[in-house]
Each structure stands twice: as C-alpha cells, then as structure tokens.
Amino acid sequence: MKSIVDLMDGTIDVQTATGEGTTFILHMKFKLAEESDIKKLEEESSPEQAAEIDFSQKRLLLVEDNEINLEIANMILTQAGFMVETAENGKIAIDRFKEEEVGHFDAVLMDIQMPVMDGFTATKIIRGLDDKRLAGIPIIAMTANAFKEDEEAAIAAGMTAHVAKPIDVAKLIQTMSQVLTKNKQ
C-alpha cells in the first residue's frame with residue numbers, strides 16, 4: 001500500500017488508541033478530469049451501446065436448481081426485457097427444450113451443478129440433437145465456479161459463454177448481448 005501511495009506523491013497517517021482501534025488516513029492529490037474525458041467516458045458507457053438488442057422479443061430458458069438464485073436471475077432478466085421460462089435441473093430443461101418448436105428459445109442460461117442432471121450433461125445432450133437448429137442454440141453457463149479453468153471447462157462442454165455467480169448484472173447483460181448478436185449473424 002505504501003508504495004502505491006508514494007508513487008502518487010501521497011502520505012499515510014496512522015492514528016491508534018488502545019481499546020479504540022486504528023485509523024489510517026490516506027492523502028493523495030488527483031488531477032481533475034477534463035470535460036472531454038468525461039464526455040468520452042459517457043459515450044463509451046451509453047445504454048444504447050450496451051444494449052444492441054431489444055431483449056423484449058427474446059425468450060430464455062433459465063435452468064437453475066436453487067430457488068433463490070432462480071428468483072434473482074429471473075428478476076434481473078425480466079427487468080432487462082427478456083421473456084423467461086424456467087427449469088429446475090438439466091433433465092427438465094432437456095424435456096422442455098424438446099417440447100418446444102425450433103426458435104421458441106433464443107438462448108439457455110444453464111447452471112452447472114444440479115441434481116438429477118448437471119449442466120454439462122444437459123449441454124452435451126442439446127449439442128447432440130439431430131436438428132442442428134436446436135443443437136446450435138446459445139447456452140450460457142451461469143455458475144458459482146468462477147475460475148478461468150471453470151470457464152474453459154464450460155466452453156469445452158459445448159457452452160457458448162460463461163457468467164459467474166453472484167451475478168454481475170452488467171456482465172450478464174453484456175454477455176447476453178454479445179451471444180445473441182453473434183447468433184443472429
């Protein structure tokens with residue numbers, strides 16, 4: 001910490017009292033942002049750029065066994081405009097997927113660790129379907145397994161993308177936008 005403060009020409013003050021705790025005070029000088037920098041940052045983070053797709057016409061199959069996670073993800077996706085249908089495990093997801101017509105779902109958000117049938121197995125079954133239009137649907141891993149090797153395992157299992165839990169809303173929306181835009185082409 002001290003080396004960073006020194007690099008920024010700052011100081012660290014420490015105030016301590018027995019039984020009361022310690023307070024660290026950092027003093028650093030920052031350059032004020034230029035108006036042009038602020039405008040550039042606003043343009044880069046504009047909602048129009050972040051949401052290239054009108055999600056209101058997109059239907060997702062959300063596969064999640066944890067009821068709380070299911071409710072949270074459903075709320076986030078619904079607020080973003082998606083139509084969401086749910087399944088509690090991979091087996092139910094496969095059954096639901098096979099019941100619907102081609103094109104009913106635009107993407108699948110798939111938990112990995114679930115009872116009855118896990119997300120990897122369900123993904124492999126979907127990817128192995130005879131109808132390539134069904135087999136090619138974007139499948140996004142949505143899992144607490146957040147390490148690089150977990151993401152690589154999801155991609156190796158046939159998933160299109162990976163989103164870690166707890167859900168970073170901006171990351172989820174960005175991933176959905178990228179996946180659905182790529183799938184349109």
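The structure presented is a predicted model; accordingly, all values stated were derived computationally and were not measured. Positions are given from 1 along the sequence.
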*Asks:* To the nearest 0.5 Å, what is the distance between CG (D111) and CD1 (I140)?
*Replies:*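 Those atoms lie 13.5 Å apart.
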
*Asks:* For R127 and A135, indicate whether the former's side chain and the latter's backbone hold a donor-acceptor pair under 3.5 Å.
*Replies:*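 Judged by distance alone, yes, a pair lies under 3.5 Å.
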
*Asks:* Do Q15 and T22 touch side chain to side chain, with heavy atoms closer than 4.5 Å?
*Replies:*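 The answer is no; the side chains never approach within 4.5 Å.
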
*Asks:* Check whether any side-chain heavy atom of Q174 lies under 4.5 Å from a side-chain heavy atom of Q178, and answer yes or no.
*Replies:*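 With C-beta onward as the side chain, the pair touches.
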
*Asks:* Looking at side-chain heavy atoms only, is the closest gap between L172 and L77 below 4.5 Å?
*Replies:*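 L172 vs L77: side chains touch.
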
*Asks:* Under the criterion side-chain hydrogen bond (donor to acceptor under 3.5 Å, both in side chains), I'd like the reasoning laid out for H27 against D13: C-alpha separation, chi angles, the key distance, then a yes or no.
*Replies:* CA-CA 8 Å; H27 296 276; D13 293 327; 3.2 Å; yes

*Asks:* Considering non-hydrogen atoms only, spot the tightest contact between I167 and A73 and give its length.
*Replies:*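 Between these two residues, the closest heavy atoms are CD1-CB, 3.8 Å.
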
*Asks:* Identify whether the distance between the nearest side-chain nitrogen and carboxylate oxygen of E101 and R133 falls below 4.0 Å.
*Replies:*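 Judged by the 4.0 Å cut-off on N to carboxylate O distance, E101 and R133 do not form a salt bridge.
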
*Asks:* Take M159 and M110, measure what side chain to side chain contact (heavy atoms under 4.5 Å, CB included) needs, and give me the verdict at the end.
*Replies:* CA-CA 9 Å; M159 295 181 166; M110 182 85 69; 3.8 Å; yes

*Asks:* Without swapping roles, check the side chain of R96 against the backbone of T86 for a donor-acceptor pair under 3.5 Å.
*Replies:*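 Yes, because the side chain of R96 sits within donor-acceptor range (under 3.5 Å) of the backbone of T86.
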
*Asks:* Starting from the C-alpha separation in whole Å, work towards a yes-or-no answer on side chain to side chain contact (heavy atoms under 4.5 Å, CB included) for V108 and L60.
*Replies:* CA-CA 6 Å; V108 178; L60 304 177; over 6 Å; no

*Asks:* For the CD atom on E100, are there more than 12 heavy atoms of other groups (residues, nucleotides or ligands in this structure) within a distance under 6.0 Å?
*Replies:*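 Counting neighbours around CD of E100, more than 12 heavy atoms of other residues, nucleotides or ligands fall under 6.0 Å, so yes.
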
*Asks:* Should we say atom CD of E99 is surrounded by more than 12 heavy atoms from elsewhere, each under 6.0 Å from it?
*Replies:*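 More than 12 within 6.0 Å, yes.
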
*Asks:* Would one find more than 12 heavy atoms of other residues, nucleotides or ligands at under 6.0 Å from atom NZ of K165?
*Replies:*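 Count over threshold, so yes.
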
*Asks:* Taking the side chain as everything from C-beta on, heavy atoms only, tell me whether I92 gets closer than 4.5 Å to M117.
*Replies:*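 Result no, sub-4.5 Å side-chain heavy-atom pair not found.
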
*Asks:* Please give me the minimum heavy-atom distance between D118 and F120, naming the atom from each residue.
*Replies:*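 Of all heavy-atom pairs spanning D118 and F120, the closest is OD1-N, 2.9 Å.
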
*Asks:* For I68, I'd like to know if atom CD1 has over 12 heavy atoms of other residues, nucleotides or ligands within 6.0 Å.
*Replies:*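 No.
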
*Asks:* Drop me the distance from K124's NZ to L129's CG, to the nearest 0.5 angstrom.
*Replies:*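 Between atom NZ of K124 and atom CG of L129 there are 15.0 Å.
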
*Asks:* I need the minimum non-hydrogen distance between T123 and G158, along with the two atoms involved.
*Replies:*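 Between these two residues, the closest heavy atoms are CG2-C, 3.8 Å.
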
*Asks:* If you compare all heavy atoms of I173 against all heavy atoms of F55, which two are closest, and at what distance to 0.1 Å?
*Replies:*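 Taking I173 first and F55 second, the nearest heavy atoms are CG2-CE1, 3.8 Å.
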
*Asks:* Given 3.5 Å as the limit, does a donor-acceptor pair link the side chain of D65 with the main chain of M114, or not?
*Replies:*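 Answer holds: no.
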
*Asks:* Taking all heavy atoms of L180 and all of F82, pick out the closest pair and write down the distance.
*Replies:*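 Taking every non-hydrogen atom into account, CD1-CE2, 3.8 Å.
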
*Asks:* Run the numbers on I126 and I94 for side chain to side chain contact (heavy atoms under 4.5 Å, CB included), then give the verdict.
*Replies:* CA-CA 7 Å; I126 291 171; I94 296 297; 3.4 Å; yes

*Asks:* Between T160 and I139 (side chain of the first, backbone of the second, donor and acceptor by atom type, cut-off under 3.5 Å), is there such a pair?
*Replies:*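 Present.
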
*Asks:* If you measure from CD1 on I25 to OG1 on T11, what distance do you get to the nearest 0.5 Å?
*Replies:*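 Between I25 CD1 and T11 OG1, I get 9.0 Å after rounding to 0.5 Å.
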
*Asks:* Any chance you could measure I112, atom CD1, to H162, atom NE2, to the nearest 0.5 Å?
*Replies:*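 Going from CD1 on I112 over to NE2 on H162, the span is 6.5 Å.
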
*Asks:* Other residues, nucleotides and ligands only: do more than 12 of their heavy atoms fall within 6.0 Å of NZ on K132?
*Replies:*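 Yes, NZ of K132 has more than 12 neighbouring heavy atoms, counting only those of other groups under 6.0 Å.
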
*Asks:* Judged by atom type as modelled, is there a donor-acceptor pair below 3.5 Å linking the side chain of T175 to the main-chain atoms of K171?
*Replies:*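 Answer holds: yes.
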
*Asks:* Rounded at 0.5 Å granularity, tell me how far CD1 in I76 sits from CE in M176.
*Replies:*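 Taking CD1 in I76 and CE in M176, the distance rounds to 12.0 Å.
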
*Asks:* Does the side chain of V63 reach to within under 4.5 Å of the side chain of L109, using non-hydrogen atoms?
*Replies:*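 Answer no - side chains too far apart.
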
*Asks:* If only atom types and distance count, is the side chain of T181 paired as donor or acceptor with the main-chain N or O of S177 below 3.5 Å?
*Replies:*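 At least one qualifying donor-acceptor pair exists.
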
*Asks:* Give me the atom names and distance for the closest heavy-atom approach of V179 to A161.
*Replies:*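 Looking at all heavy atoms of both residues, the shortest contact is CG2-CB, 3.9 Å.
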
*Asks:* Evaluate E85 against H104 for side-chain hydrogen bond (donor to acceptor under 3.5 Å, both in side chains), listing each step before the verdict.
*Replies:* CA-CA 11 Å; E85 297 182 28; H104 180 77; 2.9 Å; yes

*Asks:* For the CZ atom of F97 and the CG atom of L134, what is their distance to the nearest 0.5 Å?
*Replies:*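 Separation between the atoms: 5.0 Å.
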
*Asks:* For a 4.5 angstrom cut-off between non-hydrogen side-chain atoms, does E64 reach N89?
*Replies:*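 When only atoms from C-beta onward are counted, N89 and E64 do not touch, as no gap falls below 4.5 Å.
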
